[in-house]
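To start, the structure itself, in structure tokens.
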There are 2 protein chains.
Amino acid sequence: MNITVADPQPHAVAKALKEIMQVPENGGGICPVRDVLDRIGDKWSLLIILNLGAEENLRFNELRRRVEGISQRMLTVTLRNLEADGLVGRTVYAEVPPRVEYRLTDLGRSLAGAVIGIGNWASQHAPAIAAARARFAA
Amino acid sequence: MNITVADPQPHAVAKALKEIMQVPENGGGICPVRDVLDRIGDKWSLLIILNLGAEENLRFNELRRRVEGISQRMLTVTLRNLEADGLVGRTVYAEVPPRVEYRLTDLGRSLAGAVIGIGNWASQHAPAIAAARARFAA
DNA sequence: CTGAATCCGAAACGATACTG
DNA sequence: CAGTATCGTTTCGGATTCAG
């Protein structure tokens with residue numbers, strides 16, 4: 001199953017990109033795309049969002065197992081940032097041992113939907129990138 | 001104008017994400033999404049791709065002016081990486097003063113199409129993120 | 001189990017100077 | 001114009017330790 005953007009003509013892509021990259025006059029001079037990419041463009045944010053989007057909710061260590069290679073520190077730090085941005089919600093259950101569940105907010109889930117396009121692209125074109133890299137190395 | 005993914009049901013998003021995040025058995029144990037995000041998840045790659053996607057081609061300093069804040073060094077470095085990944089093409093004209101044009105390859109343009117979803121999301125939800133951040137700061 | 005706090009090395013990044 | 005080279009800084013992120 002794939003959810004993809006309709007494959008547009010090159011010109012349509014260019015037109016859409018021109019509009020997206022414009023800096024709104026009333027926005028204080030900052031491009032919203034820049035703003036958002038600065039937030040989720042780090043090493044772990046998108047991976048966490050994608051994994052959270054695949055489930056209803058996940059506990060801290062469940063999430064840690066899925067995001068292979070992430071350290072405890074970075075998972076904590078990144079989750080706090082995503083929480084501050086309103087993309088991830090955090091629920092603490094007063095039990096012992098403690099249980100904490102993370103889930104995407106509505107905002108975060110809408111982002112996950114947008115990121116599916118990247119995910120599909122990555123799944124389909126990873127071999128092409130690997131091939132290009134091998135070619136370039138020579 | 002917007003090119004968006006069809007707004008799917010939450011369950012459809014989850015199902016799509018589960019498939020995307022799976023590690024293929026034959027892929028040597030690496031998730032293609034991880035692989036791609038490690039490449040384009042740096043500070044400048046996506047911005048360069050988006051700007052190149054908005055035009056047929058751009059010269060070095062044209063591109064530099066559009067990607068506000070990038071240093072000459074990082075523009076060079078990032079362009080070389082994108083070239084190595086087969087996303088950007090580079091054409092040198094033997095003139096004086098020298099002229100070098102950069103353009104997306106077909107592969108790069110297909111990625112730009114996928115990133116439009118993020119761009120649209122960013123344009124639409126940047127205020128929501130800013131609001132969440134302000135709320136969280138308190 | 002879920003964190004916070006500290007330390008420290010590696011990598012990313014920017015500034016500057018120089019070149020064909 | 002379009003880079004390359006070098007240097008210094010900053011930031012990122014991993015390892016470890018401690019705690020509720």
Side-chain angles (χ1 to χ4, degrees), chain A residues 31 34-49 51-52 55-85 87-104 133 136, chain B residues 31 34-49 51-52 55-85 88-104 133 136-137:
Chain A
C31 171
R34 271 296 283 278
D35 195 39
V36 169
L37 287 182
D38 284 350
R39 288 271 141 191
I40 62 170
D42 61 14
K43 190 171 181 179
W44 301 112
S45 290
L46 278 184
L47 286 173
I48 290 175
I49 289 172
N51 277 286
L52 280 180
E55 304 292 340
E56 190 63 28
N57 55 64
L58 287 173
R59 298 180 61 173
F60 186 86
N61 278 342
E62 284 177 333
L63 192 50
R64 187 177 179 186
R65 276 188 294 273
R66 290 175 186 238
V67 184
E68 196 168 357
I70 195 171
S71 67
Q72 188 185 52
R73 171 188 147 82
M74 289 316 296
L75 182 54
T76 301
V77 169
T78 308
L79 280 171
R80 288 297 172 279
N81 288 336
L82 294 174
E83 196 186 351
D85 290 342
L87 297 169
V88 164
R90 178 173 180 267
T91 308
V92 182
Y93 295 89
E95 305 173 354
V96 47
R99 179 162 60 101
V100 180
E101 284 182 354
Y102 294 92
R103 65 170 63 225
L104 291 185
R133 229 157 25 214
F136 193 86
Chain B
C31 171
R34 272 298 283 279
D35 194 40
V36 169
L37 287 182
D38 284 349
R39 288 271 139 190
I40 62 171
D42 61 13
K43 191 172 181 181
W44 302 111
S45 290
L46 277 185
L47 286 173
I48 290 175
I49 289 172
N51 276 285
L52 280 180
E55 304 293 338
E56 189 62 28
N57 56 65
L58 287 173
R59 299 180 59 174
F60 186 87
N61 279 340
E62 284 178 332
L63 192 49
R64 187 177 177 185
R65 276 187 293 274
R66 290 176 186 236
V67 184
E68 195 168 357
I70 195 171
S71 66
Q72 190 185 46
R73 172 189 147 82
M74 288 315 297
L75 182 53
T76 300
V77 169
T78 308
L79 281 171
R80 290 296 173 278
N81 288 337
L82 294 175
E83 197 187 348
D85 290 343
V88 165
R90 178 173 181 265
T91 308
V92 182
Y93 296 89
E95 304 174 355
V96 47
R99 179 162 60 98
V100 180
E101 283 183 355
Y102 293 91
R103 66 170 61 225
L104 291 185
R133 234 164 13 222
F136 193 85

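The basis for the numbers below is simple: all heavy atoms, side chains too, and nothing from hydrogens, waters or symmetry mates. Reminder, nothing fancy here: chain letters follow the sequence lines and each chain counts from 1.
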Output all residues satisfying side-chain contact (heavy atoms from CB on, under 4.5 Å) with [X], sequence neighbours left out; order by chain, then residue number.
X       : answer
A:Val96 : none
A:Asn61 : A:Arg64, A:Arg65
A:Arg90 : A:Arg80, A:Glu83, A:Val92, A:Val100, A:Tyr102
B:Arg66 : B:Asn51, B:Glu55, B:Leu58

How would you label the contact of [X] with the nucleic acid (heavy atoms, under 4.0 Å): base, sugar-phosphate, or nothing?
X       : value
B:Arg80 : sugar-phosphate
B:Tyr93 : nothing
B:Gln72 : base

Salt bridge check: are B:Asp35 and A:Arg133 linked by an N-O gap of less than 4.0 Å?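 Salt bridge between B:Asp35 and A:Arg133, a charged N being under 4.0 Å from a carboxylate O: yes.
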Check side-chain hydrogen bond (donor to acceptor under 3.5 Å, both in side chains) between A:Arg99 and all other residues, then give those that pass, not counting sequence neighbours.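 Residues passing side-chain hydrogen bond (donor to acceptor under 3.5 Å, both in side chains) with A:Arg99: A:Glu95, A:Glu101.
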According to side-chain hydrogen bond (donor to acceptor under 3.5 Å, both in side chains), who are the partners of B:Asn81, at least two apart in sequence or on a separate chain?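 B:Asn81 satisfies side-chain hydrogen bond (donor to acceptor under 3.5 Å, both in side chains) with no residue once adjacent residues are dropped.
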Note the angle between the end axes of the helix from C:dC1-D:dG20 to C:dG20-D:dC1, five pairs defining each, rounded to 10 degrees.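 Axis-to-axis angle, ends of the helix: 50°.
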Reading DNA chain C from 5' to 3', where do the contacts with chain A start and stop? Cut-off is 4.0 Å to heavy atoms.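 First-to-last contact on DNA chain C, by the 4.0 Å heavy-atom rule, is C:dC1 to C:dT6.
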Which pairs of donor and acceptor atoms, one on a side chain in residues 71-79 of chain B, lie under 3.5 Å apart (sequence neighbours left out)?
residue	atom	partner	partner atom	Å
B:Ser71	OG	B:Met74	N	3.2
B:Thr76	OG1	B:Gln72	O	3.1
B:Thr78	OG1	B:Met74	O	2.7

Output all residues satisfying salt bridge (charged side-chain N to carboxylate O under 4.0 Å, His left out) with A:Arg39, sequence neighbours left out; order by chain, then residue number.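 Partners of A:Arg39 by the salt bridge (charged side-chain N to carboxylate O under 4.0 Å, His left out) criterion, ordered by chain and then number, come out as A:Asp85.
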Partners passing salt bridge (charged side-chain N to carboxylate O under 4.0 Å, His left out) against A:Asp38 (at least two apart in sequence or in another chain):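 A:Asp38: no salt bridge (charged side-chain N to carboxylate O under 4.0 Å, His left out) contacts found.
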Mark up nucleotides 9-15 of chain D, 5' to 3', with B wherever a protein heavy atom is under 4.0 angstrom from a base atom, S wherever such an atom reaches only the sugar-phosphate, and - elsewhere. ----BBB
